[in-house]
Student: 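This is the structure I want to talk about, given as structure tokens.
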Amino acid sequence: MSLIVKSLTKRFTARETPAVADVSFAAPAGGITTLLGPSGSGKSTVLRVVAGLEQPDSGQVLFGDEDVTHLPAQHRGLGFVFQSYALFKHMTVRKNIAFGLGVRKTPKEQSRRKVDELLALVQLDGLGERYPAELSGGQRQRVAFARALAIEPKMLLLDEPFGALDAQVRVELRDWLRRFHDEHHLTTLLVTHDQEEAMEVSDHIVVMHEGRVAQAGTVREVYDRPATPFVAGFVGGANVLRGQMVDGRVNVGASLAVSVPNGTSAPDGAAVNAYVRPHDVTLTKADADTPEISAARVERMAWIGGYVKLSLKLSDGAPMTVEMPKSEIEALGINEGDLVMANLREAKVFVEDYSI
Ligand code: ADP
Ligand code: MG
């Protein structure tokens with residue numbers, strides 16, 4: 001079932017700017033759609049309105065073509081998982097998972113079979129008689145998923161569900177979510193501030209900034225064609241280099257130039273900011289013929305698995321982060337302290353006074 005949010009606005013106080021302002025997006029049926037944005041950008045408020053836990057000041061929430069804006073939460077048929085496990089401490093895992101089934105007066109035998117099925121689904125077979133305190137963080141969060149799925153929800157709403165977990169468990173659980181999703185295709189709305197998590201699990205991303213939708217699209221659209229400087233900087237990370245348009249290219253600093261991708265219209269002479277991804281820079285070693293102004297110094301190198309993260313200082317003093325495959329760095333023989341030349345493969349270019 002698809003979810004459509006139309007022109008949602010929600011204020012918590014009369015004076016301040018709204019927490020959520022004119023938010024519209026569609027979450028296609030059977031996909032994972034992610035609300036991605038920094039803390040305070042309004043993600044949880046949107047999710048809570050979709051859940052029926054908050055009433056909007058204006059706007060609509062549609063499930064398929066049914067308007068559910070005023071339908072009470074308990075009649076929306078949704079499963080929730082939040083960051084804190086919110087399990088019942090005094091109940092066993094089985095009882096926690098069966099909670100929603102009990103509320104719905106599901107017959108005992110049917111409920112028992114359903115819980116067995118869910119325990120297997122979240123890979124907790126054999127742990128049904130434990131109490132939450134006897135489980136690891138990752139296991140507890142899987143109980144929360146099982147409990148949300150027990151009522152066979154029409155849609156799954158997840159608010160930073162991996163937020164409280166260690167890095168490794170986090171990655172395992174989000175891989176599990178993606179695999180679960182690929183088998184069951186349950187329409188899912190995920191909230192996260194973590195862009196890597198969003199890019200890894202989502203089909204669609206809705207980037208939120210200060211209560212508004214900055215951009216909505218597929219993961220690749222948002223990453224490859226950011227609509228605003230905020231999106232360019234927040235999703236994927238980028239060096240922001242000041243430059244000027246000259247003959248349809250951007251001159252960055254005194255020494256670097258990059259072609260402007262199609263569709264960027266900035267007049268010659270315009271001051272622009274070029275957003276350059278760390279992996280869109282390649283380096284060569286400077287030699288005796290390299291003009292001083294074109295040379296950048298390698299200040300630090302961090303060897304991270306298969307790639308190297310280099311912190312450069314450009315000739316005008318501006319910093320730049322570059323990521324290159326370890327094998328290329330080794331082949332070039334680049335070391336800390338070396339002078340190098342940077343070549344920009346690509347940049348997202350925005351006229352400087354662009355504001356959002
Ligand atoms: P996010 O989930 O992106 O971190 P929230 O939706 O929680 O953002 O919050 C958006 C804004 O609304 C924030 O400024 C927050 O302080 C405010 N806000 C959220 N919930 C309430 C509330 N119950 N009462 C007052 N202000 C709230
Ligand atoms: Mg939140």
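First listed ligand is number 1; within each ligand, the first listed atom is number 1. What's counted below: heavy atoms across the whole structure, side chains too, no hydrogens, waters or symmetry copies.
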Student: Is the closest side-chain heavy-atom distance between E197 and R170 below 4.5 Å?
Tutor: yes

Student: As a test of the contact definition, would atom 15 (C) of ligand 1 count as having a protein heavy-atom neighbour under 4.0 Å?
Tutor: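 No, there is no protein heavy atom closer to it than 4.0 Å.
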
Student: Would S41 count as a contact residue for ligand 1, given that I'm defining contact as a non-hydrogen atom of the residue lying under 4.0 Å from a ligand atom?
Tutor: yes

Student: On the six-membered ring of F12, is K10 placed so that its NZ or CZ lies under 6.0 angstrom from the centre and within 45° of the ring axis?
Tutor: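 Here K10 passes the 6.0 Å and 45° test against F12.
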
Student: Which of the protein's N, O or S atoms come within less than 2.8 Å of the Mg ion (ligand 2), not counting waters?
Tutor: S44 OG

Student: Just to confirm, does any protein heavy atom lie below 4.0 Å from atom 26 (N) of ligand 1?
Tutor: yes

Student: Based purely on interatomic distance, does F12 place a nitrogen or oxygen under 3.5 Å from a nitrogen or oxygen of ligand 1?
Tutor: no

Student: Counting from 1, what ligand 1 atoms have a heavy atom of P38 closer than 4.0 Å?
Tutor: 3 (O)

Student: Heavy-atom count around E221 CD within 6.0 Å, excluding the residue itself: above 12?
Tutor: yes

Student: Report yes or no: does R345 contribute a side-chain atom to a donor-acceptor pair with the main-chain N or O of H279 at less than 3.5 Å?
Tutor: yes

Student: Could you tell me the residue and atom name of the protein heavy atom closest to atom 4 (O) of ligand 1, and the distance to it rounded to 0.1 Å?
Tutor: G40 N, 2.6 Å

Student: Is there a side-chain contact between V61 and L8 in this structure, where contact means two heavy atoms from C-beta onward sitting under 4.5 Å apart?
Tutor: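 Counting from C-beta outward, V61 and L8 do come under 4.5 Å.
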
Student: Please list, chain by chain and in numerical order, all residues satisfying ring pair (Phe, Tyr, Trp, His ring centres under 6.0 Å) with F99, sequence neighbours excluded.
Tutor: F88

Student: Do the rings of F162 and F145 sit parallel, tilted or perpendicular, given the 30° and 60° boundaries?
Tutor: parallel

Student: Using side-chain heavy atoms (C-beta onward) and a distance below 4.5 Å, is L156 in contact with H181?
Tutor: no

Student: If you measure every N or O of E54 against every N or O of ligand 1, does any of those distances drop under 3.5 Å?
Tutor: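 No, since none of the N or O atoms of E54 sits under 3.5 Å from an N or O of ligand 1.
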
Student: Only heavy atoms of A19, strictly under 4.0 Å: list the atoms of ligand 1 that pass.
Tutor: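 In order of numbering, the contacting atoms are 11 (C), 12 (O).
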
Student: Could you check R178, R174, Q195 and say which one makes a side-chain hydrogen bond (donor to acceptor under 3.5 Å, both in side chains) with E200?
Tutor: R174

